S.K.: 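Input: one structure, supplied below.
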Amino acid sequence: MTITLPNLPYPADALEPHVSAKTLGFHHGKHHKAYVDKLNAAIADSEYEGQTLETIIAASHKAADTGVFNNAAQAWNHTFLWNSMSPNGGREPEGALAEAINQRFGDLAAFREKFKAAALGQFGSGWTWLVRKDGVLEIISTGNAETPLTDGVVPLLTLDVWEHAYYLDYQNKRDAYIDAFLTKLINWNFAAQNYEADRAAA
Ligand code: MN3
C-alpha cells in the first residue's frame, strides 16, 4: 500500500478570485504531490510501509525520524487544508459549534481577529489551526510541517501560511490572504463535522 494524493474536493478554479487556479494547481499538483511522492520513496521497504498516514505520522514523530515525519505530516495537513476551504465558505458557523465559538471567543468577529493575529504572528512557514483541546476550543499555530495530531488535540480546521500558499496571488500581503480565508473560504461545515465527531467520541 502506498500513500495516495487525494483529488481536490472542488475544481482548481473554484476558489477564485480568492485563491487562483494557478496557485491551487501548483499547491496541490506540485507541492502536495511532492510531499506524497517523497513520503512513498522514504517509506519503501521500511517499517512504515503499509501503515496508514496517521500511524506513520505518530511513529515517525516519536522516533524523531524527521525525513519521514515532515513529508507525512505535510501530506496529511494539505488534505485537511483543502477540506477547510469551500467555494461556498466564509459564512457563519451554525449550531453547537457556533455556540462554542461565542462562548470561547465572545463572537465570530473576535474569533476572526484572534485567528488572524495567530496566522500573522507565525514567523516563517507553518500552519494556524482551530482545535479542540480537552473539550475547549483553542487557536494554535505550528511551525513548518508540525501538526496538532501529535499533541493529542483534535484539529477542526486549518490555514496554510507557507508563502507557497499565497505568494502568487497576494505576494507579501499575508494579511489579505488571511482575511479572504476567514470571510470568503472558511468551511464551517467541515469544522462542525470534526467538532461533532469529537464530542460524540468523548
Ligand atoms: Mn502548503
Side-chain angles (χ1 to χ4, degrees), residues 2-43 53-54 56-57 60-61 66-87 89-90 115-131 139-151 153-187 190-191 194:
T2 54
I3 303 299
T4 55
L5 176 70
N7 291 327
L8 287 171
Y10 33 71
D13 63 358
L15 304 183
E16 291 203 346
H18 314 294
V19 175
S20 67
K22 188 174 182 184
T23 289
L24 204 50
F26 271 102
H27 201 176
H28 175 259
K30 303 288 184 190
H31 292 276
H32 192 181
K33 182 176 188 298
Y35 295 125
V36 171
D37 289 348
K38 284 180 190 167
L39 175 62
N40 281 321
I43 65 175
L53 187 53
E54 288 80 359
I56 295 169
I57 289 169
S60 62
H61 188 261
T66 314
V68 171
F69 173 79
N70 283 342
N71 287 295
Q74 285 293 78
W76 191 92
N77 290 349
H78 280 88
T79 300
F80 200 78
L81 170 69
W82 311 139
N83 288 305
S84 295
M85 301 187 287
S86 164
F115 191 99
K116 183 176 179 177
L120 270 178
Q122 172 58 34
F123 185 79
S125 297
W127 302 80
T128 298
W129 308 78
L130 176 64
V131 303
I139 293 166
I140 62 169
S141 291
T142 58
N144 297 317
E146 291 289 333
T147 176
L149 288 184
T150 55
D151 297 329
V153 303
V154 178
L156 304 184
L157 60 80
T158 194
L159 179 65
D160 186 345
V161 295
W162 286 58
E163 279 192 347
H164 68 225
Y166 61 89
Y167 203 84
L168 291 176
D169 298 331
Y170 296 91
Q171 292 77 52
N172 62 329
K173 299 185 199 79
R174 190 191 279 189
D175 63 329
Y177 161 72
I178 297 164
D179 283 340
F181 172 75
L182 288 170
T183 60
K184 306 293 183 187
L185 299 174
I186 194 168
N187 186 350
F190 177 64
N194 296 323

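Because the structure is a prediction, the values reported are computed rather than measured. Counting starts at 1 for both ligands and their atoms, following the listed order. Sequence positions, counted from 1, serve as the residue numbers for this chain.
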S.K.: Just so I know, are the side chains of E146 and W127 near enough to count as touching, which here means a heavy-atom distance under 4.5 Å?
M.R.: no
S.K.: Do the rings of W82 and H78 sit parallel, tilted or perpendicular, given the 30° and 60° boundaries?
M.R.: tilted
S.K.: Looking at D160, which of its N, O or S atoms is the nearest one to the Mn ion (ligand 1)?
M.R.: OD2
S.K.: Closer than 2.8 Å to the Mn ion (ligand 1), do we get an N, O or S atom from H27, backbone or side chain?
M.R.: yes
S.K.: Using modelled atom types only, decide if a donor and an acceptor are shared between the side chain of D169 and the backbone of S20 within a distance under 3.5 Å.
M.R.: yes
S.K.: Distance check below 2.8 Å: does H164 bring an N, O or S atom to the Mn ion (ligand 1)?
M.R.: yes
S.K.: Please tell me if the side chains of V161 and S125 come closer than 4.5 Å, counting only heavy atoms from C-beta onward.
M.R.: no
